[in-house]
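Keep in mind that this is a model prediction, so the values were computed, not measured. Residue numbering restarts at 1 for every chain, and letters A, B, ... go by the order of the sequence lines.
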Amino acid sequence: MSINLVAESRTVTAMVAGQPYLDWPDDLYIPPEALEVFLTTFEGPLDLLLYLIRKQNLDIVNIPIAQITKQYKIYIEVMSNFRFELAAEYLLMAALLAEIKSRMLLPRQVNVEEDEDDPRAVLVRRLQEYERIKKAAEELDEIPRMERDIFIATIDTSNVNVHKPKPEVQLQDIVLALQGVLKRVDQLTHHTITKEALSVRERMAAIMIKLEGSGSFLFAQFFTYQEGRAGVVVAFLAILELSKAELIEILQAEPFGELRIRARVGGGND
Amino acid sequence: MTEKSVEPAQRVNTTVKRIVEALLFAAEQPMSVAQLQAVFPELERPERVIIEAAVEALCDDYRNQAIGLHKVASGYRFQVKTDMADWVARLFSEKPPKYSRALLETIAIIAYQQPVTRGDIEEIRGVSVSSNMIHTLLDREWIKVIAHKEAPGRPALYATTAQFLDYFNLDSLAAMPPLQELQALALEGEMEI
Amino acid sequence: MTEKSVEPAQRVNTTVKRIVEALLFAAEQPMSVAQLQAVFPELERPERVIIEAAVEALCDDYRNQAIGLHKVASGYRFQVKTDMADWVARLFSEKPPKYSRALLETIAIIAYQQPVTRGDIEEIRGVSVSSNMIHTLLDREWIKVIAHKEAPGRPALYATTAQFLDYFNLDSLAAMPPLQELQALALEGEMEI
């Protein structure tokens with residue numbers, strides 16, 4: 001199979017390897033409009049190559065590199081024409097194909113073992129490996145699984161007078177778990193919480209619980225002298241935070257009147 | 001016990017019985033006759049008596065098994081027979097279950113970042129948080145919904161409860177290990193507490 | 001399927017069978033023979049073969065019911081027979097989760113090639129693997145880190161868990177669909193350039 005593309009001086013559809021293409025190539029198997037949806041369905045360059053090979057009934061263990069490279073490049077070109085954010089992997093593959101092609105063009109050395117030295121060998125092996133995983137994934141999707149095909153037979157044990165022990169947790173477990181999260185989150189700084197902020201957050205929760213369901217409270221009712229200056233600051237910050245988060249309303253019935261605080265209800269102003 | 005013998009055997013539709021059996025085992029709640037009926041597509045919906053006959057036949061089928069079909073307030077449910085209660089109790093006392101890492105991470109985030117929405121937790125953890133996990137924590141009364149965020153969907157804002165602090169013997173959230181030290185530890189990589 | 005016929009009927013201890021039945025229904029997880037044994041007090045603990053015989057007899061008892069005993073990786077569980085799945089699915093309004101190709105390919109690579117590093121997965125798929133995906137899999141407890149490779153950066157080596165097999169109703173990795181054979185290379189001279 002060879003590709004013949006006629007170049008004439010009309011509007012150029014795509015530039016492939018410096019060559020203008022005026023029409024969509026005949027062997028582009030999908031209408032260009034469908035490309036947008038289509039191209040995003042590829043799981044990577046190997047997937048795209050496999051598609052090209054299978055679509056043309058080519059033999060995977062004996063792929064014509066020149067032909068497949070040309071096809072692949074057309075797709076890549078089209079992808080960038082559609083301004084797709086082309087993953088580097090696709091470009092890397094294009095480079096690899098070009099390299100293999102150029103090596104194929106070099107005169108062969110006579111007494112070298114064929115397969116071992118064929119620059120296609122590594123690529124073909126990778127394509128095969130990928131294809132079998134792709135098939136395996138498809139099969140895995142088909143076999144019966146929980147939530148879709150398999151349902152566990154459950155019974156009620158509440159008539160049995162036992163209390164099921166709740167899982168036991170050490171504070172340390174929670175700390176370790178959080179550490180795990182922090183380790184994962186690259187931008188640690190985004191989630192930096194100071195000890196002081198923690199007490200503010202706790203107070204925020206306490207205020208919300210106090211306000212729950214029960215009308216409003218006087219501003220002063222959120223402060224207690226026993227807590228001292230630090231306590232007042234924490235309570236005040238908590239009220240400001242809650243107000244900022246639009247969880248509470250601070251009301252004043254008349255000028256210089258006492259402030260009242262109540263939970264914001266309903267609405268949703270977003 | 002609802003176990004009665006079924007007289008007119010020919011009234012029992014075995015297909016319906018089989019379906020009812022599967023439904024009663026798969027449902028996590030008791031199911032009423034009406035609920036069982038509603039599962040069938042309208043055109044092939046069996047009459048009430050057919051469902052009732054199927055239920056009775058099932059009661060009979062399980063007469064000698066370790067579990068049986070019982071009628072409770074809201075419908076029918078398979079339960080362990082009472083003579084098996086002690087064994088089931090042993091099963092549950094044998095090994096206290098464990099919480100998953102995912103659940104521990106979730107409670108840790110709620111404790112340190114409260115009040116947070118499920119979305120906040122997902123953002124920090126980088127994976128979705130199952131409703132199951134939230135339910136487990138709500139059930140245990142370690143967290144509660146303290147408000148709803150004024151944002152699209154009005155998501156619930158979760159905070160830890162007094163019970164949570166009690167469980168860990170803390171008198172306030174401020175008594176939780178401070179985070180700065182944690183971060184330092186996390187950065188070091190090795191974790192000894 | 002573990003459904004085999006039990007030959008020496010006298011070996012089936014009906015009391016043990018009844019207890020095993022109650023335990024398997026009550027347990028929220030599949031139970032292995034060892035776990036079933038462990039529920040019995042030490043002095044009256046039945047031998048392995050007794051439990052196994054009980055399990056086999058139970059398989060037989062439920063042969064014609066809408067539910068049956070099934071063996072998965074972490075043990076035995078009662079589940080709805082597959083021909084009833086469509087009916088049961090009608091019970092739940094939520095659609096079962098769908099998994100992306102990327103996730104399925106990743107878990108397939110881990111299942112078939114374990115233990116593997118993230119790099120190995122990327123090598124096979126030809127694209128980078130997001131941390132998100134790995135976390136989703138860790139979170140579902142389908143995979144776990146079993147070691148770190150002695151290589152620069154000490155990358156984590158992932159393997160699948162029993163929960164993964166349980167989810168896919170398999171009792172061992174060997175029960176997974178076989179991988180297709182790799183064809184031998186047949187590279188002939190390049191054709192038209």
Interface residue of largest heavy-atom contact number with chain A, from Met176(C), Glu181(C), Glu123(C), under 4.5 Å: Glu123(C)
Top of Ser131(C), Ala22(C), Ala66(C), Ala85(C) for chain A proximity - count of heavy-atom pairs under 4.5 angstrom: Ala85(C)
Contact check, side chains of Ile143(A) and Asn169(C), non-hydrogen atoms, under 4.5 Å: no
Closest non-hydrogen atom pair between Ala136(A) and Tyr112(C), with its separation: CB-CE1, 3.5 Å
Exam field: side chain Arg145(A) to backbone Tyr167(C), donor-acceptor pair closer than 3.5 Å: no
Most contacts with chain A, counted as non-hydrogen pairs under 4.5 angstrom, among Lys95(C), Met84(C), His135(C): His135(C)
Partner chain C: residue of Arg132(A), Glu129(A), Glu142(A) with the largest heavy-atom pair count (under 4.5 Å): Arg132(A)
Per-residue contact mode, Ile155(A) against chain C (heavy atom under 4.5 angstrom): both
Interface moiety of Asp156(A) toward chain C, non-hydrogen atoms closer than 4.5 Å: neither
Pairwise distance CD1(Ile124(C)) to NZ(Lys134(A)) - rounded to 0.5 angstrom: 15.5 Å
Chain A interface, residue from Val80(C), Asp86(C), Leu182(C), Leu170(C) that has the most non-hydrogen pairs under 4.5 Å: Leu182(C)
Test applied, side chain to side chain contact (heavy atoms under 4.5 Å, CB included); reference residue, Gln79(C); option that passes from Asp149(A), Thr154(A), Ile150(A): Ile150(A)
Validation row: Gln180(C), Glu131(A) side chains within 4.5 angstrom (heavy atoms): yes
CG-CD distance between Leu179(C) and Glu139(A), expressed to the nearest 0.5 angstrom: 8.5 Å
Approximate separation, where rounding is to 0.5 Å, of Gln113(C) CD and Ile133(A) CD1: 5.0 Å
Presence of salt bridge, Glu147(A) and Arg140(C), under 4.0 angstrom: yes
Close contacts, residues 96-110 of chain C versus chain A, judged by heavy atoms under 4.5 Å: Pro96(C), Pro97(C), Lys98(C), Tyr99(C), Arg101(C), Ala102(C), Leu104(C), Glu105(C), Ile107(C), Ala108(C), Ile109(C)
Whether Arg77(C) side chain and Ala153(A) backbone form a donor-acceptor pair below 3.5 Å: no
Any donor-acceptor pair under 3.5 Å from Glu89(A) side chain to Ser128(C) backbone: yes
Check: Ile152(A) and Pro30(C) side chains under 4.5 Å, non-hydrogen atoms: no
Inter-residue atom distance Phe151(A).CZ - Leu91(C).CG, 0.5 Å rounding: 8.5 Å
Contacts with chain A made by residues 143-166 of chain C (heavy-atom distance under 4.5 Å), listed by residue number: Phe164(C), Asp166(C)
